Amino acid sequence: MAGLAEAASPFGGAPAYLEGLNDEQRAAVLATEGPVLVLAGAGTGKTRALTTRLAHLLFTGKAQPYQLLAVTFTNKAAREMKERIGAIIGERVEGLQWLGTFHSIGAQILRRHAEIVGLKSPFTILDADDQARLAKQVIEAAGLDEKRWSGRGLAYAIDAWKNRGLTPDKVPANEGWKFADGKAISLYRDYQERLRTLNAADFGDLLIHNLTIFGTHPDILAQYQDRFRYMLVDEYQDTNVAQYLWLRLLAQKRRNICCVGDDDQSIYGWRGAEVENILRFEKDFPGAKVIRLERNYRSTPSILAAASGLIAANKSRLCKTLWTDQEGGELVKVRGVWDGEEEARLIGEDIESEQAKGRSLSDMAVLVRASFQMRAFEERFNTLGLSYRVVGGPRFYEREEVRDAVAYLRLVRSSDDDLAFDRIANKPARKLGGQTMQTINALARRRGASMMAASRALLESEELGAAAKGALRKFVEMVDRWTRESEHLGPRDLTELVLEESGYTDYWRNNKSAKADSKLDNLKEVVQAVSEFETLAAYLDHVALVADRNEADEAGAVWLMTLHAAKGLEFPVVFLPGWEEGVFPSQRSLDEGGAAALEEERRLAYVGITRARESCRISFAANRQMYGRWQTALASRFVDELPERDVEVVSRPGLYGKSAAGFPSHSRFDAARVDDDAYYDNPGWKRARAAAGRASPSPPMIEGSAREVSVGAGAAKFAIGARVFHQKFGYGRVVAAEGQKVTVHFDHSGDKKVVDSFLASA
DNA sequence: GCGCAGCCCATTTTT
DNA sequence: TGGGCTGCGC
């Protein structure tokens, strides 16, 4: 390769760090100049190529550590990258000060130029919860009905605009109707005004303010453009418009930008990610080199083939074909089951049998579309005594008690932090009820002062009653005392003092609920976390930006998580339950996002399958209890999209009638489509199921009953010859019906087989 | 300020 | 079905 000479070490030959890379990975490392798009399929050694690339830039002296900009989405990814580069280059890795998440780098830049956008450094960084509270205040202040218009709703709308890089003056006027009858834009403006008063920035601002600074101060932009000789972006398919604009500005001058991503794994569209960014990279950066990493080191041929076959149904993608030189391995297993309970039971059995064969529990994962699906598995695992761990859920720093503790510390750092003041002034109760707080708030607004300042003023006036005044005085003096103490106490001692003196720890000690113990533990964790920092300010900065969970590694437990949470992970054995229409693809997603959303759901399925190294087991249930009622379900269309030759159907004989022996003509899983609601949604059926559940792990009763139910068409909702209407195909006449699948001769679209729930009588 | 009954709602989530 | 929130009564 021509590039090799360029990368040669002073001692001749290719440097050691290039060894073991395949040609494409090597190309991704060596193509240092100009725009490069690396399309890295799942399991193709992306991180390795990426970290080697950075190491290479440093080794060859093309850049100093501080001249490299490397952006990721999550702290975890940033940490991992840093570790792996460190393994190659050693201590120099510490100089990579511009390796981090979009937000932490945005914050770093903003801190240096905060005054341009009307902030003083250090400013407070608000998280989602603070945002919603602030938004709520804005709604109240505007005199709107807060019941009708939630703070969260406004925060969501504002976030969506910020994702698109829109400041209030740039929001298209017609979008004001998205919220509060046309007042949305002025509320957005109010919200930004409040942020400025609070000397705070929300997550979106960290980038938006950067854009403003770059836009209004070309000299500053030029300074960063010069500094960042080489730019690297991970998970490019997840970037939103604001991030895209930010990158484009910074890359404009040197054009040494390398974006790495996989359009097939773009699953955050609902959060503002634009797959478009990756799809049009070559247009944005003419002359871009595109390198495809397609050799997969993770999965068996069948797993890859199944995933590839599925994703091929998507239209908007930059086609990649994963391949492997691995051979053999089991087929992807697809199993139809009677209901969700049975699904959980069978997966539990599978896990136990894998375990019996000597596989560790932590080699197995159950990946679901939505967290409500987890309950069935948790219950089953508890019954079996299988240890499992749920990934996701409320993060450490999102927990009530942790946020409260942090609010106390924030108030000590800056007594003007109104959000913190508001949060803990009366927690634990100090007789500062709603009335008093409103008085404080009102005065603060009138004077454009902080709540703490307003409180001091109120103590000098006659506006409050004696009791309230006394309570307020105690609180103010307490905070003042902590602030004085903070000058000579270390962060740890200070935190302990504040939590004790405030009565906050006692507040939970006196709480008899089951939660109290873990809350107290979490408070101890906060103290522990604080002790690792030199100053309180350093800790608070960390909290805002690097607020991830301390995931204690618990060996020997099955993983249970959402598909979203599983991105980037891999497991020898993966279970993918709940592949039913309405669940996966999610009905809500389809309703709200149409065809584009369906493609995103399909990518999610692709992500799920490609997590598996050796064994991938998909399942779907004919019946599922949702929101307390039984519902029949159709096998997901994704099941039908799996290539037949890579799939093995493992439904038990009898349970699915004709599908047991093979694939019925029109759909392989049609027999799972049970339609006679009345038959199983009655007490007798439920009793039978309950009895079966108690009796033995393999319940003959379910099998017996199911055989009777599942065979035959049952009562179709539409008679042959009936006139019907379909959203997409229009009017037509029913020509055949089997189960929930109805064949309709549409007036303008010809014959189609559709699911009856999409039809209305016409 | 607390506890309880009734009511409403119900993806995916990082920073 | 069940969790979270609200409004009411003490």
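Throughout, a chain's letter reflects where its sequence line sits, starting with A, and its residues are numbered from 1. As the structure is a computational prediction, the values presented were derived from the model and not from experiment.
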List, with names and distances, any nitrogen or oxygen atoms from the protein found under 3.5 Å away from nitrogen or oxygen atoms belonging to nucleotides 8-11 of chain B.
from   : atom 1 : to       : atom 2 : distance (Å)
B:dT11 : O4     : A:Ser589 : N      : 3.4

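Within 4.0 Å (heavy atoms only), A:Asp159 reaches no atom of the nucleic acid at all.
Using a 3.5 Å distance cut-off with no hydrogens or angles, the side chains of A:Trp630 and A:Asn623 do not pair a donor with an acceptor.
With sequence neighbours left out, A:Pro122 forms a side-chain contact (heavy atoms from CB on, under 4.5 Å) with no residue at all. With sequence neighbours excluded, no residue forms a salt bridge (Lys or Arg N to Asp or Glu O under 4.0 Å) with A:Asp159. Taking A:Thr436 as the reference, nothing meets the side-chain hydrogen bond (donor to acceptor under 3.5 Å, both in side chains) condition, with sequence neighbours excluded. With sequence neighbours excluded, the residues that form a salt bridge (Lys or Arg N to Asp or Glu O under 4.0 Å) with A:Asp264 are A:Arg317, A:Lys320.
For the pair A:Arg271 and A:Tyr268, the cation-pi test (distance below 6.0 Å, angle within 45°) is passed.
Checked for salt-bridge contact, A:Glu343 and A:Arg624 meet the test: a charged N lies under 4.0 Å from a carboxylate O.
For the pair A:Asp238 CG and B:dT15 P, the interatomic distance rounds to 12 Å; values are reported in whole Å. Between the CD atom of A:Glu600 and the C1' atom of B:dT13 there is a distance of 12 Å, rounded to whole Å. A straight line from CD of A:Gln108 to P of B:dT15 spans 16 Å, rounded to a whole angstrom. The nearest whole Å value for the distance from the NZ atom in A:Lys76 to the P atom in B:dT13 is 13 Å. The distance between atom CD of A:Glu235 and atom C1' of B:dT13, rounded to the nearest whole Å, is 14 Å. Going from atom CG of A:Asn163 over to atom C1' of B:dT13 covers 12 Å, rounded to whole Å. A straight line from CE of A:Met561 to P of B:dT12 spans 15 Å, rounded to a whole angstrom. The separation between A:Leu110 atom CG and B:dT15 atom C1' is 14 Å, rounded to whole Å.
Without hydrogens or angle criteria, A:Asn163 side chain to A:Asn240 main chain gives no donor-acceptor distance under 3.5 Å. For A:Asn75 (side chain) and A:Leu545 (main-chain N/O), a donor-acceptor pair under 3.5 Å exists by modelled atom type. Listed for the A:Ser104 side chain is a donor-acceptor partner under 3.5 Å among the backbone atoms of A:Thr101.
For B:dT15, the OP1/OP2 oxygens have a side-chain nitrogen or oxygen of A:Asn75 closer than 4.0 Å. Checking the phosphate oxygens (OP1, OP2) of B:dT13, a side-chain nitrogen or oxygen of A:Thr562 falls inside 4.0 Å. Close to B:dT14, at under 4.0 Å from its OP1 or OP2, lies no side-chain N or O of A:Arg271.
With B:dT14, B:dT13, B:dT15 as the candidates, the nucleotide lying closest to the side chain of A:His564 is B:dT13.
Summary of the strand contacts: A:Tyr507 and A:Ala565 both lie near DNA chain B, and taking for each the nucleotide with the nearest heavy atom, the more 5' one is attributed to A:Tyr507.
To the nearest whole angstrom, the two P atoms, one in C:dG2 and one in B:dT13, are 22 Å apart. On the C1' atoms, B:dT12 is 23 Å away from C:dC5, given to the nearest whole Å.
Counting 5' to 3', DNA chain C first comes under 4.0 angstrom of a heavy atom of chain A and last does so at the ends given by C:dT1 to C:dG7.
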